[in-house]
There are 2 protein chains.
Amino acid sequence: MLVCNCKQISSDDVTRMVSGMPPEVEIDRLAEFFKVFGDPTRLRIIYYLSCTELCVHDLSALVGMQQSAVSHQLKILRLNRLVKSRKEGTMVFYSLDDRHVDDLYATALAHIREQ
Amino acid sequence: MLVCNCKQISSDDVTRMVSGMPPEVEIDRLAEFFKVFGDPTRLRIIYYLSCTELCVHDLSALVGMQQSAVSHQLKILRLNRLVKSRKEGTMVFYSLDDRHVDDLYATALAHIREQ
DNA sequence: ATAATACATGAACACATATTCATATAGGAG
DNA sequence: CTCCTATATGAATATGTGTTCATGTATTAT
């Protein structure tokens with residue numbers, strides 16, 4: 001790996017940086033994970049589920065979208081282990097399934113609220 | 001806003017949830033912000049900049065992408081105030097410009113590393 | 001002046017993604 | 001059984017996004 005010498009970065013430093021880099025698989029999973037939060041509809045769903053457990057119908061009423069759209073998004077959230085579901089009769093109740101969600105939410109909110 | 005009564009959620013609770021919901025503009029900015037982290041190339045750039053200040057040429061060598069691609073991504077990072085730039089002659093040095101970046105990175109990494 | 005280097009940017013293209021529509025499945029009521 | 005409700009899912013479509021290519025701008029050197 002060649003690097004220009006504009007700042008005279010030693011090849012040791014380069015080696016350290018490159019080897020400290022998380023493996024590609026992890027970077028990809030990380031990107032995938034952030035992408036899940038990168039959609040307003042999913043963020044609204046996450047917000048409402050942070051208030052209380054909700055069924056799909058209630059969620060779609062609250063976010064003002066069709067049931068199908070909400071189901072599709074819930075599947076993405078489920079696959080990324082951000083929500084879990086519980087079946088009760090014909091209904092499925094969803095709730096948050098990750099203690100990191102609130103942290104991420106709060107940190108990101110702090111960022112965008114700074115000027 | 002109508003909600004089914006499968007869990008007998010009081011209309012007071014609904015009002016509280018709905019009014020506690022961040023305004024649409026904020027949700028959109030939040031999604032936009034997370035979207036910035038939702039790309040492997042940008043995550044790699046962020047990682048290298050978390051090690052040290054770097055010029056565009058070095059960055060493109062490190063991430064193994066064309067200078068143009070890196071410039072495009074740096075613009076996105078700059079517009080979202082995650083990196084700042086400093087000009088020195090013909091070169092432009094980039095560095096991280098947000099104290100929340102490390103937090104987000106660490107929290108998300110903790111999530112994906114759990115099982 | 002010209003040449004060379006560093007970076008930025010617009011256009012184009014390929015690919016991903018969110019929503020809608022239609023339909024399928026599954027459970028409960030009659 | 002049939003009907004209805006709740007949810008899931010595949011296909012289609014419109015929109016968004018990342019990369020490349022070509023080119024533009026700016027600074028330095030000769």
Side-chain angles (χ1 to χ4, degrees), chain A residues 2-7 9 24 27-46 49 53-80 83-95, chain B residues 2-7 9 24 27-46 49 53-80 83-95:
Chain A
L2 280 181
V3 172
C4 88
N5 54 5
C6 51
K7 292 288 282 186
I9 297 171
E24 194 182 323
I27 288 286
D28 287 346
R29 280 212 292 158
L30 206 51
E32 207 61 40
F33 177 68
F34 277 120
K35 220 179 288 183
V36 177
F37 287 89
D39 177 76
T41 300
R42 283 193 291 267
L43 284 182
R44 281 197 291 264
I45 291 174
I46 288 173
L49 292 183
E53 181 191 56
L54 287 164
C55 69
V56 178
H57 181 268
D58 279 358
L59 267 175
S60 63
L62 284 165
V63 304
M65 303 202 64
Q66 292 191 231
Q67 171 264 317
S68 173
V70 174
S71 272
H72 279 298
Q73 299 301 357
L74 283 171
K75 183 177 189 175
I76 295 175
L77 291 167
R78 206 174 350 104
L79 290 178
N80 282 276
V83 306
K84 59 175 183 283
S85 61
R86 177 178 70 80
K87 204 164 183 189
E88 195 177 311
T90 64
M91 291 186 288
V92 179
F93 288 95
Y94 281 87
S95 56
Chain B
L2 279 181
V3 171
C4 87
N5 54 6
C6 50
K7 292 286 283 186
I9 296 170
E24 195 180 322
I27 289 285
D28 287 346
R29 282 213 290 158
L30 205 52
E32 207 60 41
F33 177 67
F34 277 119
K35 222 180 286 181
V36 177
F37 287 89
D39 177 75
T41 301
R42 285 193 290 267
L43 283 182
R44 282 198 290 265
I45 290 175
I46 288 173
L49 292 183
E53 181 190 58
L54 287 165
C55 69
V56 178
H57 180 268
D58 279 0
L59 267 175
S60 62
L62 285 165
V63 304
M65 303 202 64
Q66 292 190 232
Q67 171 263 318
S68 173
V70 174
S71 272
H72 278 297
Q73 300 300 357
L74 284 171
K75 183 177 188 175
I76 294 174
L77 291 168
R78 205 174 351 103
L79 290 176
N80 283 274
V83 307
K84 58 176 183 279
S85 61
R86 176 178 70 80
K87 203 165 185 189
E88 192 177 312
T90 63
M91 292 185 290
V92 178
F93 288 95
Y94 281 86
S95 56

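Chain identifiers are assigned alphabetically (A, B, ...) following the order of the sequence lines, protein sequences preceding nucleic acid strands; residue numbering begins at 1 within each chain.
Atom CD1 of residue B/I27 and atom CD of residue B/E32 lie 13.0 Å apart, to the nearest 0.5 angstrom. In this structure, CG on B/L77 lies 13.5 Å from NE2 on B/H72, to the nearest 0.5 angstrom.
Donor-acceptor pairing under 3.5 Å, judged by distance alone, is absent between the side chain of B/T41 and the base of D/dT19. Evaluation of atom-type donor-acceptor distances gives no pair under 3.5 Å for the side chain of B/S68 against the base of C/dC7. With hydrogens and angles ignored, no donor-acceptor pair under 3.5 angstrom links the side chain of B/Q67 to the base of C/dA6.
In this structure, A/M91 atom CE and D/dT5 atom P are separated by 14 Å, rounded to whole Å. Atom CE of A/M65 is separated from atom C1' of D/dT7 by 16 Å (rounded to the nearest Å). Whole-Å rounding puts the A/F93 CZ to D/dT7 C1' distance at 12 Å. With rounding to whole Å, A/Q66 atom CD is found 11 Å from C/dA22 atom C1'.
Between A/I46 and A/F37, the shortest heavy-atom distance links the atoms CD1-CE2, 3.8 Å. Of all heavy-atom pairs between B/L74 and B/V83, the closest is O-CG2, 4.1 Å. When all heavy atoms of A/M65 and A/A69 are compared, the pair lying nearest together is CE-CB, 4.2 Å. Residues A/S85 and A/R78 share a closest heavy-atom pair of OG-CD, 3.9 Å.
Within residues 70-78 of chain B, the residues having any heavy atom under 4.0 Å from DNA chain C are, by residue number, B/S71, B/H72, B/K75. Applying a 4.0 Å cut-off to non-hydrogen atoms, none of the residues of residues 31-39 of chain A approaches DNA chain D.
Counting only heavy atoms from C-beta outward, the side chains of B/V70 and B/Q73 never approach each other to under 4.5 Å. Residues A/S95 and A/K84 form a side-chain contact, since some pair of their non-hydrogen atoms from C-beta on lies under 4.5 Å apart. Counting only heavy atoms from C-beta outward, the side chains of A/L54 and A/Y94 never approach each other to under 4.5 Å.
A/R42 places a side-chain N or O within 3.5 Å of a backbone atom of A/K35 that can act as its donor or acceptor partner.
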Grab the N/O contacts between the protein and nucleotides 27-29 of chain C below 3.5 Å, and write none if there aren't any.
none

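Among the heavy atoms of the strands lying under 4.0 Å from A/Y94 are primed sugar atoms or P, OP1, OP2 only; no base atom is included.
A side-chain contact (heavy atoms from CB on, under 4.5 Å) with B/S71 holds for exactly one of B/V92, B/L59, B/V56; it is B/V56.
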